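What follows is a set of notes on a single structure, which appears directly below.
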Number of protein chains: 2
Amino acid sequence: MTSPSKLRASTAGTLHQRIRNDIEGRILSGEWPPGYRLPFEHELMNTYSCARMTANKVLSALAASGLVERRRRAGSFVARPKVHSAVLQIPDLKAEVENRGEQYGYELLERQQRGATRDDRSRLEVHLREPVIALRCRHDAAGQPFALEDRLLNLSAVPDAATQDFSQVSPSTWLVDHVPWTEAEHRISARNADETIAAELSVEVGAACLVIERWTWRSGEPITAVRFTHPADLYDLVARFTPSGRA
Amino acid sequence: MTSPSKLRASTAGTLHQRIRNDIEGRILSGEWPPGYRLPFEHELMNTYSCARMTANKVLSALAASGLVERRRRAGSFVARPKVHSAVLQIPDLKAEVENRGEQYGYELLERQQRGATRDDRSRLEVHLREPVIALRCRHDAAGQPFALEDRLLNLSAVPDAATQDFSQVSPSTWLVDHVPWTEAEHRISARNADETIAAELSVEVGAACLVIERWTWRSGEPITAVRFTHPADLYDLVARFTPSGRA
DNA sequence: CGGTGTAATATGTATAGACAAATAACACCT
DNA sequence: AGGTGTTATTTGTCTATACATATTACACCG
């Protein structure tokens, strides 16, 4: 047990923040365990000499962040986390590489504009023959292949892409700047490098690779599907999480 | 372009939600692109005939979720997403397997209670000789090995674990029910199965495996470090994301 | 005993007003 | 032209109040 007097009322910041910090502190320290009923709004009101709106906003914010659950007539309770969830940051590869202080390189391997094939259709939920762009490119870090990008782009959703040749700027970079999206799904898996991948990534045939696939939609309309293949020894994904939801 | 009249003022729910839905709709549809200055609080006040507090709470909530940024004297602006981030759900393996409608199995391979070795120390940030428990176990789905779990537990932080033999209940399950935590970090990578792993997971030597490592702390004190190794063909991680932050 | 109606209570939502703090825009002076 | 100070505007925070709504707890009655 750590000394409980350690987290008595903080003194910094606004009243809202002071109350919030106090409550979060008690919950995160375990002093108020999951299921614990926290003080009613009118009790906080007395404790901190504040209006009920202030206490209400604090508790509502904590509820929005998932740290507490509120039930009418019953009170507010410390939430018990159901699943381990984490905020996964998937940065732009260029930024990622340059963050490591290494030189970033980009090369377009293949660009094809075509009517959607059967395969394309199963990957991107477009109709047969709808115009798409298929791209394959390589991202390098410090001269070493760092990732293979294999992308399918729905031209009906992103007509501007037709005028871009993607020889200098990577499709990922171009897309985040030009195309808003509303929904995304990621799938993370592992696979052994086949001969093609091994050659293009300069790894042994059979080497384990980390594969990240992403699908993006805008209001239900598919925009793009992309698969990044990383050499296992060059890339990890990192996800951080605090229960308060503030990474 | 979709018809703009489509997302005129919604009529359902509270005023707060109506305003919020309207604004989110315009942003997510692209009608209000990143950088767009949204109406001032007093404009929303007129538009919706509401008090400023109501408009303020809506905009503050949108700011908290990351959809908009607010600057004093300047206004509120549609945020431009910096990185692709996603909420990663890492469920309990037992629940995960049973969700797929398959039979879940668990077997403890090894349990050792010891003073921390040098290796343990680098994995868990404990002092040399501090008591730890090292566990290795296997999770099965439909009779097939599904995951290897390799865990190190800080007994000083979780003394109750000493009385648990983990022969029936898996450490993951036991921990989520008994130990609160405040911080976690995940690392996701790929590796080739060595002979030990291949034997225990019933895969070929060299097969690509997805590796998920997690470190957990409570108020800075390390609780546990765990590594799950999954056969690549049996397990994917799925992460979903909507820019409004509401998965 | 068990079902039903009612009152008490806690949260949910909203209003109207007040002052503080930051800063963009403008006017002014050198 | 360029730096400086002032002002106006917008958001940030908080108070005090009001009524709506859901639900627990309890009293009542068949």
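Just so it is clear: chains get the letters A, B, ... in the order the sequence lines come, proteins before strands, and each one is counted from 1. Worth saying up front: this structure is predicted, and the values here are computed from it rather than measured.
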- Item | Protein-nucleotide distance (A/Arg37, atom CZ; D/dT24, atom P), rounded to Å | 14 Å
- Task: Specify the separation, in whole Å, of atom CG of A/Leu44 and atom P of D/dT15.
- Result: 12 Å
- Query: Does B/Arg187 pair with B/Glu213 as a salt bridge, N-O distance under 4.0 Å?
  - Reply: no
- Message: Could you work out how much the helix from C/dC1-D/dG30 to C/dT30-D/dA1 bends, comparing the axis of its first five pairs with that of its last five, to 10°?
- Response: 10°
- Between CZ of A/Arg73 and C1' of D/dT24 the distance, given in whole Å, is 4 Å
- Note on the structure: Going 5' to 3' through nucleotides 12-19 of chain C and flagging B where a protein heavy-atom sits under 4.0 Å of the base, S where only the sugar-phosphate is that close, and - otherwise, we get BBBBBBB-
- Spacing between B/Glu69 atom CD and D/dG12 atom C1', to the nearest angstrom: 17 Å
- Query: Hey, is CD on A/Gln103 packed in by over 12 heavy atoms from elsewhere, all under 6.0 Å?
  - Reply: no
- Query: Roughly how many Å is it from CG in B/Leu38 to P in D/dT11, rounded to a whole number?
  - Reply: 9 Å
- Which whole-number value in Å describes the distance from A/Leu59 CG to C/dA10 C1'? 11 Å
- Query: Under the 6.0 Å and 45° cation-pi test, does B/Arg214 pair with B/Phe228?
  - Reply: no
- Measure from NZ or CZ of A/Arg100 to the centre of the six-membered ring of A/Tyr104, then state whether that distance is under 6.0 Å and the direction lies within 45° of the axis. no
- salt_bridge(B/Arg37, B/Glu43) N-O dist < 4.0 Å: yes
- Query: Is the shortest distance from a Lys or Arg side-chain nitrogen in A/Asp140 or A/Arg138 to a carboxylate oxygen in the other one below 4.0 Å?
  - Reply: yes
- Query: Relative to the ring of B/Tyr106, is the ring of B/His139 parallel (under 30°), tilted (30 to 60°) or perpendicular (over 60°)?
  - Reply: tilted
- Message: Between B/Glu41 and B/Lys57, does any side-chain N to carboxylate O distance fall below 4.0 Å?
- Response: no
